There are 2 protein chains.
Amino acid sequence: MLPRGMKAGAKMAVTLKDVAKKAGVSPATVSYALRGGQYVSPATMKKVMKAAKALGYTTNMSARSLRYGKTKIIEVVVHELDIPYYYSKLAATAVPAINREGYQALVLQTGLDAGNVKEAVDGISNQICDGVILNATGIDANEIKRLSMNRPTVLLDDCTPEPVLDTVMTPNREGARIATRHLIEQGCRSVAAVGIGYVSPTAIGVQVGTSKERFEGVREALAENGMGLTERQCLACDWLVEPGREIAHQLADVGMPFDGLFCASDSLAFGLIRGFADRGIRVPDDVLITGFDGISLGEYTVPSISTVRIDMKDLVDKAIRLLLDRIDGIYDGEPRREVAGYDFVVRGSSTRA
Amino acid sequence: MLPRGMKAGAKMAVTLKDVAKKAGVSPATVSYALRGGQYVSPATMKKVMKAAKALGYTTNMSARSLRYGKTKIIEVVVHELDIPYYYSKLAATAVPAINREGYQALVLQTGLDAGNVKEAVDGISNQICDGVILNATGIDANEIKRLSMNRPTVLLDDCTPEPVLDTVMTPNREGARIATRHLIEQGCRSVAAVGIGYVSPTAIGVQVGTSKERFEGVREALAENGMGLTERQCLACDWLVEPGREIAHQLADVGMPFDGLFCASDSLAFGLIRGFADRGIRVPDDVLITGFDGISLGEYTVPSISTVRIDMKDLVDKAIRLLLDRIDGIYDGEPRREVAGYDFVVRGSSTRA
DNA sequence: CTGAAAGCGCTTACAG
DNA sequence: CTGAAAGCGCTTACAG
């Protein structure tokens, strides 16, 4: 008995009604039985279970969600799963943490283009999940506000001065400051920032974002030590492996003008190490390098990568807590902002033997 | 007007009915208008659009799916997203490919335990998606059969002699053979297989799996050149970075008895390179190494990793094609099995300058 | 302990 | 071109 106008599927799924008929009880009783047996006699229970198993019944989640008003799904939206390695680590950490709270986790990959993120969240997320954890980079505040109309949303690393939604921040400025300070302590006197665009004094109050915060951190550490941060020292590029390699080549070709490099990501550091190896420049003998993120692979490169290691578990736990507080109606006030824990890990890339 | 027994959510979502009331038309008309405007006058169209926008309406996917009988979602089940780097690459490749077919892609992470895979597929997938792409390692054929009762499923790398479901294979045996042959051509006379358990002649017809296939490939290449493959040459371990490092340490500690190492994964090769560096053993000067998978990072290690590179795009395309043929009812016959394309990439880890 | 009934939000054949 | 109605599969308060 198809609904009017519905096409027959190749294979109709088994429904509660089918199980009820087979077990000789009402659908209501089947529902009660399947959901743990409250109000159901042991004998009925047994009949129902047997029938359900025999027919291979599984709950139609669309129907349950529609009825229940909740999906028990939390979505994790990341840009790229195969960027080594921040996002895959984020997703991998978030999934079991979400499961522990009794929710299913769905990972959504949007690609690096900000437009796709909008679309992705608009699209599937419509109402297929109860909440979203979303890396906000590249979407503006209005857009974010609009997205949140439908469901609780926690942002990651949204640097907007006035937060519009709950956010978990990475320690951009502090991390950059500590890493740069470390380079100076190791004796560097000519430091550059890889992956960081120069921010002019007039733009400093206007510009917003992760890169700008890290710029500030680097600048502060240099200033503490009587050094400046000029345009020449800022080597803007995407935070990926290949750009790191290219920058290493460029630096080698102009005679390696720096003795310390703060990298905005471990992937960049990874690429730099490779690029310097191509040109016979030795890390850490000829130049010291620090990364950012704390991807696990950084422990295994040769040399291994000193890094600002984000406590991914802490980040994820905080995001989930913020989200559940909204979903469960425990908190309904102004947007809150938290900062993920981190530590600085000293490894081979920034220490001379 | 809540359904009986339903608790009020913190925030009721906007429904078709709300839009209809606001626009002064019927819900049916709103539905038609929102779905492209067939049968709807331009004036009505405009009114509806305006009302929908004003209220921030989005479709309730649970309801639509329930009505439509399809979810337009394909699920990709992987073990671990942050294992460098096969699974994240798989997921990252599959998502846009699935989107191109007009489906949403959901990535599900199960962890390395086979029990979790069952649970994951049982659980969320119930009927929230139209099809599943699933790495089968560690689940037996009966289980797989049962899982597939509910929806079309494509397996990855299921080595069961009689396929129970559509499968895309990686070229396990051929890849291992070619890599090993390459090591021999480069002059290796004492080759070991890392990550591969020894398979005795009596077990060879019985044992099933990826590892066994690769064992066979290695054995064949060695046999072609008059060499054998004994238990001593098989160093079984998980295909991860840390085990690779540990094996390197062990080999170094017993005086490095091999001059060529076939690794079952690039991650293993990655760890070996690191472990040998710890002990002053040089790759490729002292020992040649080949990997398997073709993860992008293998290009950036020092030395870079020679590898059997799986054509991930081809693998994913084949999996999606098999799946869509089932979903769309284009094919309904015996399980089909395809092999993903691949090539062997020669890099620094297996070539002496 | 069990069943009949209502309703979640949507879509579409049908009647106007 | 538009609206009233049926029904997707499920859950639960209510009546028995």
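All of these numbers come straight from a predicted model, not from anything done at the bench. Residue numbering restarts at 1 for every chain, and letters A, B, ... go by the order of the sequence lines.
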Can you list, in residue-number order, the parts of residues 21-29 of chain A that come under 4.0 Å of DNA chain C, counting heavy atoms only? A:Val25, A:Ser26, A:Ala28, A:Thr29

Whole-Å distance separating the CG atom of A:Leu66 from the C1' atom of D:dC10: 8 Å

Rounded interatomic separation in angstrom, taking OH from B:Tyr32 and C1' from D:dG3: 10 Å

Pairing annotation in dot-bracket form, given for DNA chain C with Watson-Crick or G-U pairs under 3.5 Å and | for cross-strand partners: |||.||||||||.|||

Could you measure between the two P atoms, the one in C:dA15 and the one in C:dT11, and give it in whole Å? 22 Å

Here the distance between atom C1' of D:dT11 and atom CE of A:Met61, to the nearest Å, is 13 Å

Would you kindly give the NZ-to-P distance between A:Lys70 and D:dT12, to the nearest whole Å? 14 Å

Measure the shortest side-chain to side-chain distance between A:Asp166 and A:Leu155 over non-hydrogen atoms and say whether it is less than 4.5 angstrom. no

So, A:Thr110 side chain and A:Leu108 main chain: donor-acceptor pair closer than 3.5 Å or not? no

Report the nucleotide, chosen from D:dG9, C:dT2, C:dT11, that has the shortest atom-to-atom distance to any side-chain atom of B:Arg67. C:dT11

Check the pair B:Val78, B:Leu90 against side-chain contact (heavy atoms from CB on, under 4.5 Å), reporting the backbone distance first and the verdict last. CA-CA 8 Å; B:Val78 299; B:Leu90 172 62; 4.0 Å; yes

Could you check how far NZ of A:Lys17 sits from P of D:dG9, rounded to whole Å? 7 Å

Spacing between B:Tyr39 atom OH and C:dA15 atom C1', to the nearest angstrom: 14 Å

Students often get this wrong, so: under 4.0 angstrom with heavy atoms, is B:Ser31 touching a base, only sugar-phosphate, or nothing? base

Between D:dC10, D:dC1, C:dT11, spot the one nearest the side chain of B:Ser41, thanks. D:dC1

Taking the side chain as everything from C-beta on, heavy atoms only, tell me whether A:Ser62 gets closer than 4.5 Å to B:Met61. no

Would you say the side chain of A:Ser88 lies within less than 4.5 Å of the side chain of A:Glu80, judging by non-hydrogen atoms? no

So, using salt bridge (charged side-chain N to carboxylate O under 4.0 Å, His left out) as the criterion, who are the partners of B:Lys318 when residues are at least two apart? B:Asp314

For C:dT12 versus C:dG16, give the span between their C1' atoms, rounded off to a whole number of Å. 16 Å

Picking from C:dC10, D:dT2, D:dC14, which would you name as closest to the side chain of B:Asn60? C:dC10

Pairs flagged by ring pair (Phe, Tyr, Trp, His ring centres under 6.0 Å) wherever residues 18-46 of chain A is involved - sequence neighbours left out: A:Tyr32-A:Tyr39

Can you name the residues that form a salt bridge (charged side-chain N to carboxylate O under 4.0 Å, His left out) with A:Lys46, not counting sequence neighbours? none

Should B:Arg35 be listed as having a side-chain N or O under 4.0 Å from OP1 or OP2 of C:dT11? yes

Go through the steps for A:Val107 and A:Val95 under the test side-chain contact (heavy atoms from CB on, under 4.5 Å), then give the verdict. CA-CA 8 Å; A:Val107 179; A:Val95 170; 3.9 Å; yes

For D:dG9, does OP1 or OP2 lie under 4.0 Å from any side-chain N or O of A:Tyr68? no

Would you mind listing every side chain to side chain donor-acceptor pair (under 3.5 Å) that reaches into residues 92-101 of chain A, with sequence neighbours excluded? none

Once you round it to whole Å, what is the distance between C1' of D:dC10 and CG of A:Leu34? 11 Å

Taking D:dT11, C:dT2, D:dT2 as options, the one with an atom nearest any side-chain atom of A:Val40 is C:dT2

Distance check needed: C:dT11 C1' versus B:Lys72 NZ, whole Å only. 16 Å

